[in-house]
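Reviewing the structure listed below.
Since the structure is predicted, the reported quantities are computational estimates derived from the model, not experimental observations.
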Amino acid sequence: MDRRKFLQGRKLLLAWILILYICTILDAQNHSTPTILKIGALICLNSRTGKSIKMALELALEKVNEDPSLLYDTKLALLVSDSNCSVPQSAASAMQLMDDGVIAILGPQTSDESYFVAAMAEENHIPLISFSATDPALSRFQYPYFIRVVPSDTMQMVAIAGIIDYYGWKEVAALFTDDDFGRSGFYAIRNSLEKIGSRIVYKVAVDPNIGNGGIHKALLDLDKIKTKVFLVHMHSDLGQTFLSVAIRLRMFNNRYAWIVTDGIGGILDTSHLGVASLTALEGIIGARMYIPPSFKFKYLYNELNKRLGGARSGDWNLGAGAFYAYDALWVVARAVHSLLSQKKHDFFGVTDISRGTFNPAKGRESTDAPMLLHQILKTRFSGITGLIGFDSKGDRLHSVFEIINKVGTGFKPVGYWSTDTECLTVRPPVAIAEGSFNVTKIVNGLNIVTWPAGSSKVPHGWVGSTLGRPIRIIVPNKSGLKTFVRIYVDKHNKTIASGYCIDVFTTALSHLPYNVSYTFTAFGTGQSTPIYDDLIQKVADKEFDAAVGDITITRKRSSVVQFTQPFLESSLVVVVPKLLSKSSRTWKFLQPFTISMWSTMAGCFFFTGVVIWLLEHRKNKDFQGRPKKQTCTVLWFILSTLFFTQRERVKSILGRAVLIVWFFVVLIITSSYTANLTSILTIEQLRPMIDDIGGLIESGDPIGYQSGSFVRDYLLELNVAKERLVPLNTLHNYATALLNGPQRGGVAAIVDELPEAMLFTSQRCEFQISGQEFSHGYWGFAFQKSSRLAVDISTALLKLKETGELERIHDKWLKNSTCKLSDGFSSRLGTPAFLGLFIITGLVSTLSIILYCIRLSMLFCDVRATDTRVNDESYRPPQGLSKCARIVHFVNSFAKFITKEEIPREDKKTMRRVSRERKRKKKRAKYASASGSSLGSKSEDQDHSFADRSDIEDQSANPSLHGTENLHI
């Protein structure tokens with residue numbers, strides 16, 4: 001019994017062991033690793049690029065299968081299908097590959113093909129890894145199974161926009177193919193340019209099947225526009241044809257800037273274009289995908305050339321597509337390696353879900369595609385083309401573009417742009433680890449570029465006019481405020497403009513990188529200020545290209561024209577008459593005359609007093625006496641003439657003549673003083689007390705403004721009655737209206753822009769700016785909407801501000817620290833107002849002094865001839881004096897004679913008679929000496945006796961001679 005149970009137990013144990021063995025074998029069979037995994041490739045095998053891509057994939061496959069540590073016992077098989085660069089053929093080839101059981105598809109080469117194949121891959125859950133489709137519209141958001149190892153055109157267009165921004169070009173003309181590839185690239189560059197403030201002003205969508213005639217016409221139309229920066233985004237074959245036609249049309253000179261994308265940039269260094277074409281294309285700048293130099297790259301490059309061309313390897317254009325295809329296969333291989341490493345071998349079984357009836361839209365479906373897709377997106381490694389990784393959209397994370405410049409038959413790199421630095425750099429960023437770049441030693445910018453025709457000067461990118469005419473500029477012709485804008489016509493009937501605003505504009509033009517010719521046209525008659533809104537409308541209606549002047553930027557005007565960068569701040573202010581300080585009130589009696597007038601009057605008073613004294617003191621006892629008494633008398637007399645209360649009598653005829661003229665001058669001066677002082681006191685009482693714009697509005701008084709300006713509309717918006725607004729044209733009108741005040745038909749204050757108000761108050765000291773500035777605004781130059789010149793002028797104005805040139809121009813025209821009063825409206829009378837009177841009284845006084853001196857000199861000669869004294873009081877010089885001593889004696893004698901009292905008329909007659917007798921005596925003495933000594937002696941004694949006797953008789957008859965000092969016998 002026990003034995004039987006033992007045998008039954010052993011049989012049962014053996015059965016369980018057999019069952020477990022059979023299950024283990026079955027499980028091993030079910031979980032066996034597939035020995036071959038198929039990968040599909042869609043390539044255009046009839047193209048040079050397609051052949052190089054096929055060879056690169058075969059090399060990558062060899063490397064993958066040679067590494068036993070990568071896929072263990074599994075091998076990859078590559079199924080290549082010819083797409084023939086055709087969308088229908090690509091779709092058919094893709095279905096065939098899916099039916100053959102591929103786990104992933106590499107390709108196709110073009111974006112148009114990728115749209116259809118990506119849709120099929122999504123339906124069948126097969127990852128599609130693209131190595132050349134750059135259309136930004138292709139992404140995992142629309143096609144979840146689409147991934148690409150090549151950078152998208154979005155990144156490339158950001159790099160292109162960086163080039164355009166670096167050279168300051170604001171307008172670009174775009175040429176692109178009219179297909180998904182071209183249109184998507186156009187939208188990408190348009191968005192990138194908008195972010196940097198540039199824009200596309202002209203676009204040419206080219207039919208991929210266009211002929212040379214159509215290209216010729218398109219380029220001729222393109223050459224007519226002002227913008228000369230051309231961006232070409234086409235496939236290599238069509239782009240090459242376009243550039244060849246442009247060469248024949250002579251569109252490769254220093255006026256143009258040609259920028260190409262990777263589709264054309266990748267063939268710039270290939271020899272099959274021809275030496276002539278390569279040389280003519282000199283100056284092109286573009287971006288292309290950058291592959292960092294490495295040992296693996298050099299090996300692959302040499303190997304591909306060796307297998308493709310042999311001895312003629314230089315004829316092959318490998319392009320970047322072959323290297324990106326090489327990395328694409330490695331992406332799949334590394335993803336498979338990750339799955340194999342996780343022991344998930346059963347995921348590579350293939351199940352036919354469409355047996356019996358084949359669905360063309362699906363084909364075969366991989367059962368583990370989501371896991372494979374997930375591993376592909378997680379893949380990170382350093383490949384031939386650089387660091388490889390993917391974002392959530394399936395786009396490559398790390399992209400680097402090389403900025404190349406066509407020089408001669410080759411090219412040179414001038415800079416780099418990468419998604420990690422997001423800027424142009426002179427050197428490429430260096431990868432230091434997977435997923436990171438060394439950006440600590442970046443030098444921003446580009447190297448020197450050679451432009452078309454071998455020029456080293458950066459093209460302007462824009463020409464001022466393609467119509468062969470200067471730009472037309474309209475300028476306001478105002479009746480006043482000529483400091484800002486002044487218009488006149490020269491002898492050649494040419495309109496010339498000058499002033500602060502014109503100086504700023506012409507200086508800005510001189511800083512443009514190109515020459516702009518222009519003509520000025522006056523707007524307005526010059527008799528009044530024109531309406532500025534009408535002037536702006538002329539530009540908006542395209543009658544003129546620009547408007548230059550003291551034009552304020554307002555919301556209304558900005559809606560119809562494009563303004564430049566402001567060049568001057570222009571807030572609104574209130575201008576009122578000044579209120580006098582306490583010190584000025586204390587000395588108000590001096591205000592009717594200026595300092596120069598008071599000084600001139602004082603000089604005239606002193607001069608006239610001295611003249612009267614000279615004419616009167618010899619014969620008028622009122623002007624005689626001690627020197628102190630004479631000085632006081634003269635000062636009292638001349639000051640008394642102000643009130644006509646002088647007591648001293650003037651006896652001489654010349655003195656009376658001087659005094660009559662002086663009385664007339666004093667009458668005019670005193671009358672003017674009284675009238676002006678009365679006017680000043682009256683005007684001060686009429687001056688309003690305005691503190692700011694609020695007080696002005698509440699006062700209800702009239703308000704002045706510059707006619708034609710926007711101030712009128714602004715005040716109306718503040719609910720100021722239209723009847724209170726008074727238009728004024730010139731600074732002359734400003735002063736008149738403010739001085740008259742509201743009571744005499746003037747205004748209480750003037751609301752004007754700050755620059756014009758400062759100019760007015762700097763010239764007229766009796767007016768000032770009251771309160772704070774309000775309604776802040778700016779002056780600018782107006783251009784037509786979307787004007788390229790407006791942008792360049794704005795840039796030039798910013799440069800003028802940075803260099804201080806704008807401030808220098810401002811100081812030249814507007815800065816004036818001295819306050820100069822206008823003669824026409826000054827409250828103080830100056831010397832010029834009475835210059836005629838001062839000249840008349842000065843001439844009369846001077847002439848009287850001259851006549852008096854002549855008369856006095858004659859009398860002195862007579863007195864000196866009759867003087868016989870030999871003492872110090874004698875007018876005659878002693879004997880034996882030198883010539884110099886005799887002159888000194890004459891001057892002293894004449895000075896003494898002037899200060900003496902004048903001799904009576906009777907004494908003068910006696911002196912003349914004695915002088916005549918002495919002359920007769922000298923003649924007789926001379927005659928006697930000639931006749932003989934004896935006879936002469938006798939005659940002389942008789943003559944002396946007769947003369948002595950005659951003199952004694954005269955003295956007896958005129959006893960007054962004895963008491964005089966002027967006659968001695």
Side-chain angles (χ1 to χ4, degrees), residues 87 109-115 118 130 132-139 141-142 148 150-165 167 169-210 214-215 217-219 221-243 245-246 251 256-267 284-289 393 395 399 401 403 417 419 461-462 786 788:
V87 173
Q109 284 182 234
T110 66
S111 297
D112 291 341
E113 299 173 66
S114 298
Y115 277 104
S130 176
S132 59
T134 59
D135 191 338
L138 289 167
S139 69
F141 293 158
Q142 186 175 1
R148 58 180 151 209
V150 65
S152 73
D153 282 340
T154 299
M155 296 297 100
Q156 181 181 194
M157 295 310 171
V158 174
I160 295 290
I163 299 174
I164 294 172
D165 184 45
Y167 290 111
W169 296 320
K170 297 301 179 182
E171 294 182 353
V172 178
L175 298 89
F176 56 93
T177 52
D178 192 11
D179 54 14
D180 291 333
F181 166 78
R183 287 189 294 269
S184 297
F186 168 76
Y187 297 141
I189 187 61
R190 185 183 63 181
N191 295 335
S192 298
L193 291 178
E194 288 178 354
K195 293 178 181 179
I196 64 172
S198 299
R199 61 196 181 97
I200 294 177
V201 296
Y202 191 82
K203 63 179 181 178
V204 180
V206 181
D207 186 345
N209 299 317
I210 191 173
I215 295 176
K217 182 180 183 303
L219 287 175
D221 294 338
L222 182 67
D223 197 34
K224 293 179 181 179
I225 66 174
K226 296 181 179 180
T227 300
K228 299 302 177 185
V229 179
F230 302 146
L231 172 62
V232 184
H233 178 57
M234 300 178 182
H235 296 292
S236 58
D237 294 338
L238 182 59
Q240 178 183 341
T241 305
F242 245 91
L243 295 177
V245 177
M251 295 178 66
Y256 300 86
W258 289 88
I259 306 174
V260 297
T261 57
D262 184 73
I264 303 175
I267 63 169
I284 287 180
I285 188 172
R288 72 177 185 180
M289 301 168 195
K393 296 189 300 181
D395 289 335
S399 303
F401 290 91
I403 313 302
W417 186 95
T419 54
W462 185 85
S786 303
R788 179 69 178 86

Residue pair [X] / [Y], side-chain heavy-atom distance below 4.5 Å:
{"X": "M289", "Y": "P151", "answer": "yes"}
{"X": "H233", "Y": "F186", "answer": "no"}
{"X": "M157", "Y": "T261", "answer": "yes"}
{"X": "Y256", "Y": "D223", "answer": "yes"}

> side-chain hydrogen bond (donor to acceptor under 3.5 Å, both in side chains) with Q109: which residues, sequence neighbours excluded?
Replying inline: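 If we apply the side-chain hydrogen bond (donor to acceptor under 3.5 Å, both in side chains) test to Q109, skipping adjacent residues, there are no hits.
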>> I'd like to know if the side chain of D221 pairs up with that of Y202 as donor and acceptor (distance under 3.5 Å, no hydrogens or angles considered).
In response: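 Side chains of D221 and Y202: no pair found under 3.5 Å.
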I need the [X] [atom1] to [Y] [atom2] distance, nearest 0.5 Å.
{"X": "I215", "Y": "L222", "atom1": "CD1", "atom2": "CG", "answer": "12.5 Å"}
{"X": "S132", "Y": "R148", "atom1": "OG", "atom2": "CZ", "answer": "10.5 Å"}
{"X": "I164", "Y": "I259", "atom1": "CD1", "atom2": "CD1", "answer": "4.5 Å"}
{"X": "T134", "Y": "D153", "atom1": "OG1", "atom2": "CG", "answer": "3.0 Å"}
{"X": "Q156", "Y": "D262", "atom1": "CD", "atom2": "CG", "answer": "5.0 Å"}

In residues 175-182, what donor-acceptor pairs under 3.5 Å come from side-chain atoms, sequence neighbours left out?
from, atom 1, to, atom 2, distance (Å)
T177, OG1, D179, OD1, 2.8
D178, OD1, R183, NH1, 2.7
D179, OD1, F181, N, 3.3
D179, OD1, G182, N, 2.8
D180, OD1, R183, NH2, 3.1

Closest non-hydrogen atom pair, [X] against [Y]:
{"X": "A287", "Y": "I160", "answer": "CB-CD1, 3.7 Å"}
{"X": "I264", "Y": "G239", "answer": "CD1-CA, 3.5 Å"}
{"X": "I189", "Y": "A161", "answer": "CD1-N, 4.1 Å"}
{"X": "I210", "Y": "V206", "answer": "CG2-CG1, 3.4 Å"}
{"X": "M155", "Y": "W417", "answer": "O-CZ3, 3.7 Å"}
{"X": "M251", "Y": "F230", "answer": "CE-CE1, 3.7 Å"}

> Do any pairs count as a side-chain hydrogen bond (donor to acceptor under 3.5 Å, both in side chains) and have a residue in residues 184-197, sequence neighbours left out, and if so which ones?
Replying inline: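 Listed by first then second residue: D135-S184.
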> Tell me, which pairs form a salt bridge (charged side-chain N to carboxylate O under 4.0 Å, His left out) where one or both residues lie in residues 196-209, sequence neighbours left out?
Replying inline: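 As it turns out, the salt bridge (charged side-chain N to carboxylate O under 4.0 Å, His left out) pairs with a partner in residues 196-209, which skip direct neighbours, are E171-R199.
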> Would you say K226's side chain and G461's backbone share a donor-acceptor pair under 3.5 angstrom?
Replying inline: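 Flag not set: sc K226 to bb G461 has no pair under 3.5 Å.
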> What pairs with W169 under ring-ring contact (aromatic ring centres under 6.0 Å, His included), at least two apart in sequence or on another chain?
Replying inline: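 W169 satisfies ring-ring contact (aromatic ring centres under 6.0 Å, His included) with Y167, W451 only.
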> Which is it for S399 and T419 under the side chain to side chain contact (heavy atoms under 4.5 Å, CB included) test, yes or no, and what are the steps along the way?
Replying inline: CA-CA 6 Å; S399 303; T419 54; 3.8 Å; yes
>> With side chain to side chain contact (heavy atoms under 4.5 Å, CB included) as the criterion, how do I284 and L243 come out once you've worked through the C-alpha distance, each side chain's angles and the decisive distance to 0.1 Å?
In response: CA-CA 10 Å; I284 287 180; L243 295 177; 3.8 Å; yes
>> Restricting to salt bridge (Lys or Arg N to Asp or Glu O under 4.0 Å), what partner residues turn up for K393, sequence neighbours left out?
In response: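 K393 satisfies salt bridge (Lys or Arg N to Asp or Glu O under 4.0 Å) with D395 once adjacent residues are dropped.
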